[in-house]
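Along the sequence shown, residues carry numbers from 1.
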Amino acid sequence: MFDAVPSRHNGITFCTGSHGSTPDNDLFEIIELAKERIHFVHARNVKWTGERSFQETSHSVHDGSLDMVGIVEKLIESGVDVPIRPNHGRMIWGETGRPGYGLYDRALGAAYLNGIIDTVNRK
């Protein structure tokens with residue numbers, strides 16, 4: 001895709017959940033290869049539940065299969081300085097509304113990501 005349109009403006013949304021939905025994808029390698037072409041990051045964690053099967057989870061490395069701390073660290077160290085947003089959000093704590101857009105879980109995800117970013121930048 002990048003070779004077809006070599007402009008730096010031809011880029012991707014780096015969705016950790018989409019790219020990380022299979023263990024076959026090395027997210028760190030994808031970041032390295034695409035760092036100049038990543039224009040937006042959608043950070044979410046997934047839990048691999050079987051071959052070609054996954055479930056969205058909270059952002060915590062303890063709940064999913066992705067190393068969210070390592071991924072954010074790699075993005076920062078690679079010079080990727082673009083907008084980042086947490087996952088859509090699960091409906092938690094009795095919240096009701098449009099599925100996939102729970103406010104509480106998105107707020108927790110944003111706080112989690114900010115904590116990772118602050119920690120990485122502190123080094």
Side-chain angles (χ1 to χ4, degrees):
M1 177 182 83
F2 295 150
D3 291 339
V5 181
S7 170
R8 135 172 230 316
H9 299 288
N10 176 31
I12 63 170
T13 291
F14 182 70
C15 178
T16 58
S18 294
H19 294 295
S21 62
T22 175
D24 296 336
N25 289 336
D26 182 336
L27 299 184
F28 298 92
E29 182 179 352
I30 293 170
I31 292 168
E32 188 60 35
L33 293 171
K35 62 187 173 189
E36 299 293 325
R37 302 285 189 91
I38 296 173
H39 297 304
F40 182 77
V41 175
H42 180 205
R44 61 184 177 141
N45 205 344
V46 294
K47 177 81 174 167
W48 301 318
T49 56
E51 188 175 335
R52 299 181 183 261
S53 181
F54 69 94
Q55 177 180 335
E56 291 185 1
T57 66
S58 79
H59 293 80
S60 174
V61 296
H62 303 292
D63 292 335
S65 301
L66 304 181
D67 177 4
M68 297 302 293
V69 174
I71 291 166
V72 171
E73 183 173 42
K74 176 69 174 176
L75 287 164
I76 292 170
E77 290 175 353
S78 297
V80 177
D81 185 17
V82 299
I84 184 172
R85 66 158 283 186
N87 197 17
H88 303 289
R90 301 160 296 153
M91 304 308 263
I92 59 174
W93 301 332
E95 190 173 17
T96 59
R98 208 165 99 211
Y101 289 89
L103 173 62
Y104 301 141
D105 197 37
R106 280 186 292 149
L108 289 171
Y112 184 79
L113 292 172
N114 279 319
I116 295 171
I117 292 166
D118 286 348
T119 301
V120 170
N121 285 332
R122 191 171 192 189
K123 292 182 179 181

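Between the W48 side chain and the G20 main chain, a donor and an acceptor come within less than 3.5 Å of each other. No donor-acceptor distance shorter than 3.5 angstrom exists from the side chain of S53 to the backbone of T49, with no hydrogens or angles considered. Side chain of R37 to main chain of N10: a donor-acceptor pair is present (N/O by atom type, distance under 3.5 Å, no hydrogens or angles).
Cluster membership for F28 and L33, using ILVMFWY side-chain heavy atoms within less than 4.5 angstrom, is not shared. Hydrophobic clustering of Ile, Leu, Val, Met, Phe, Trp and Tyr side chains at less than 4.5 Å, counting indirect connections, keeps L108 apart from V46.
Tested against F14 for a side chain to side chain contact (heavy atoms under 4.5 Å, CB included), the candidates I30, I84, V80, V82 yield a single pass: I30.
Here the closest heavy-atom approach between residue V72 and residue L113 is recorded as CG2-CD2, 4.2 Å. Closest approach of H19 and T13 over heavy atoms only: NE2-O, 3.8 Å. For the pair M68 and R44, the tightest heavy-atom approach, listed with the atom from each and the gap, is SD-O, 3.6 Å. Taking all atoms of both residues into account, the shortest heavy-atom contact from T57 to G64 is OG1-CA, 3.7 Å. Between A34 and F2 the shortest heavy-atom distance is CB-CE1, 3.8 Å. The heavy-atom pair separating N45 from S60 by the smallest distance is ND2-O, 3.0 Å.
How far CG of D67 is from OG1 of T16: 11.0 Å, rounded to the nearest 0.5 Å.
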For L75 and I38, run side-chain contact (heavy atoms from CB on, under 4.5 Å): C-alpha distance rounded to whole Å, both residues' side-chain angles, the deciding distance at 0.1 Å, then the answer.
CA-CA 9 Å; L75 287 164; I38 296 173; 4.1 Å; yes
Test side-chain contact (heavy atoms from CB on, under 4.5 Å) on M1 and I12 and set out the steps.
CA-CA 10 Å; M1 177 182 83; I12 63 170; 3.2 Å; yes
Check the pair K74, E32 against side-chain contact (heavy atoms from CB on, under 4.5 Å), reporting the backbone distance first and the verdict last.
CA-CA 8 Å; K74 176 69 174 176; E32 188 60 35; 2.8 Å; yes
Evaluation steps, side-chain contact (heavy atoms from CB on, under 4.5 Å), between N87 and H42:
CA-CA 7 Å; N87 197 17; H42 180 205; 3.5 Å; yes
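Under the salt bridge (Lys or Arg N to Asp or Glu O under 4.0 Å) criterion, E77 pairs with no residue, sequence neighbours left out. For K47, there are no salt bridge (Lys or Arg N to Asp or Glu O under 4.0 Å) partners two or more places apart in sequence or in a different chain.
By the neighbour-count criterion of 12 heavy atoms within 6.0 Å, atom CZ of F40 is densely surrounded, having more than that number from other residues, nucleotides or ligands. Atom CG of D81 has 12 or fewer neighbouring heavy atoms from other residues, nucleotides or ligands inside a 6.0 Å radius.
In this structure, Y112 and H59 have tilted ring planes: the angle between them lies in the 30° to 60° band.
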